[in-house]
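Every chain is numbered from 1, with letters handed out A, B, ... down the list of sequences. Because only heavy atoms are used, hydrogens play no part in the values below, and waters and symmetry mates are left out as well, while side chains stay in.
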Amino acid sequence: MKIATFNINNIRKRLPNLLAWLAEAEPDVVCLQELKTTDRQFPSSALEKAGYSSVWLGQSTWNGVAILSRDRAPVLVRYGLPGDLNDRQARYIEAAVDGVVICSLYAPNGNPQPGPKFDYKLAWNERLIAHAAELQATGVPVVLAGDFNIVPESCDVYPSRSYADNALVQAEPRRQYRSLLDAGWTDALRALYPEETLYTFWDYRRNRWQRNAGLRLDHVLLSGSMRERLVSGGIDRYVRGQDGASDHAPVWIDINRKKV
DNA sequence: ATGGCAGGTTCGACCTGA
């Protein structure tokens with residue numbers, strides 16, 4: 001069962017790129033972020049034609065998350081991250097596919113820091129940590145996938161000082177990410193490639209793709225019962241180099257259908 | 001220290017993203 005996450009950065013603008021990658025990569029499940037489209041404008045019929053059923057949570061202009069599933073429809077579990085009824089930003093959706101709970105998340109960027117946006121980032125991450133603990137406690141297999149907007153360690157950003165003041169690399173969000181790992185979640189790509197340089201995002205500006213000046217922001221976390229089912233994984237870097245590409249590349253894992 | 005790219009909306013000078 002191949003599960004992928006892809007910050008698409010506007011699904012309508014990049015629909016041809018998305019469809020080409022789906023045809024090439026043939027993932028079974030896809031978590032999408034930054035749809036940047038309203039619910040009404042989500043291209044569900046084009047995705048159906050490509051063989052994927054979807055659940056989505058859209059928002060005008062910003063944010064937006066979705067879960068796609070091939071052959072079988074994803075069963076919606078929840079819209080939105082619990083813990084703040086006043087939070088209207090479309091950053092979280094949860095669905096069940098083939099006995100696995102799939103969470104597609106788009107965590108706040110948090111820039112500039114310090115400031116209200118950084119405060120929102122930290123508060124949102126705390127809600128994620130609390131909800132992840134509840135999911136973990138059920139014992140159900142869970143995959144938390146998406147754009148966490150956190151560079152976990154200094155090896156996950158190209159050598160540079162340009163990001164030193166950036167919200168993505170600050171100690172507090174890094175502690176929050178590490179607390180998820182300490183609570184039993186497995187960073188799938190880092191587990192598969194402990195020593196490799198892994199980037200999933202390259203800014204459009206300053207030739208950062210051409211220079212491979214990247215960051216690792218998109219992560220796939222596995223609950224305890226999923227860890228032993230992990231077979232392989234990777235980053236489809238080539239997608240970032242194509243015409244009209246998102247500034248993120250897809251990240252994917254392959255897991256055994258049944259418990260080993 | 002700044003701005004660089006890409007796209008959005010308030011249709012054109014702003015904003016966000018990371």
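Counting to the nearest Å, the C1' atom of dT16(B) and the CD atom of Q89(A) are 11 Å from each other. The interatomic distance linking R211(A) (CZ) with dG4(B) (P) rounds to 15 Å, in whole Å. One can place CH2 of W62(A) at 16 Å from P of dA6(B), the figure rounded to the nearest angstrom. Here dC5(B) presents its P atom at 13 Å from CZ of R240(A), a figure rounded to the nearest Å. Rounding to whole angstrom units, CG of residue D247(A) and P of dG7(B) are separated by 10 Å. Rounded to an integer number of Å, the gap from K36(A) NZ to dC15(B) P is 16 Å. Q33(A) has its CD atom 14 Å from the C1' atom of dG17(B), to the nearest Å. As rounded to whole Å, 19 Å separates atom P of dG7(B) from atom CD of Q59(A).
For the P atoms, the distance linking dT10(B) with dC14(B) amounts to 16 Å, nearest Å. Nucleotides dG4(B) and dT16(B), compared at atom C1', are 15 Å apart to the nearest Å. Remark: the separation of the C1' atoms in dG12(B) and dG7(B) is 14 Å, to the nearest Å.
Ring-centre distance between F148(A) and Y177(A): below the 6.0 Å cut-off.
The nearest heavy atom of DNA chain B to Y204(A) and to S60(A) marks one nucleotide each, and the one closer to the 5' end goes with Y204(A). Where R12(A) and R91(A) meet DNA chain B, the nucleotide closest to each residue was compared, and R12(A) sits on the side nearer the 5' end.
At a threshold of 4.0 angstrom between heavy atoms, the contacts of D218(A) with the nucleic acid are absent. Contact annotation for D203(A): no contact, since no heavy-atom pair falls under 4.0 Å across all strands. Nucleic acid contact class of F201(A) (heavy atoms, under 4.0 Å, all strands): sugar-phosphate only. Within the nucleic acid shown, K117(A) comes within 4.0 Å of sugar-phosphate atoms alone, with no base atom in reach, counting heavy atoms only. At a threshold of 4.0 angstrom between heavy atoms, the contacts of D165(A) with the nucleic acid are absent. Within the nucleic acid shown, N149(A) comes within 4.0 Å of sugar-phosphate atoms alone, with no base atom in reach, counting heavy atoms only.
Between D247(A) and R240(A), no side-chain nitrogen of the basic residue sits less than 4.0 Å from a carboxylate oxygen of the acidic one, so the salt-bridge criterion is not met.
A perpendicular orientation is assigned to the rings of Y158(A) and Y163(A), their planes being inclined by more than 60° (bins at 30° and 60°).
The side chain of T61(A) sits closest to dT9(B) out of dT9(B), dG4(B), dG7(B). For K13(A), whose side chain is taken as the heavy atoms from C-beta onward, the closest listed nucleotide among dG7(B), dT16(B), dC5(B) is dG7(B). Of the candidate nucleotides dG4(B), dG8(B), dA6(B), dG4(B) has the atom lying nearest to any side-chain atom of R205(A). When each of dG4(B), dA6(B), dG17(B) is scored by its nearest atom to the side-chain atoms of R14(A), the top-ranked nucleotide is dA6(B).
With hydrogens and angles left out, the side-chain atoms of N111(A) and N166(A) include a donor and acceptor closer than 3.5 Å. Judged by distance alone, the side chains of W202(A) and N212(A) do bring a donor and an acceptor atom under 3.5 Å apart.
Contact between the side-chain N/O atoms of N10(A) and the OP1/OP2 oxygens of dG8(B) is found at a separation under 4.0 Å.
When the options D147(A), I93(A), L128(A) are evaluated for a side chain to side chain contact (heavy atoms under 4.5 Å, CB included) with L105(A), the one that passes is L128(A).
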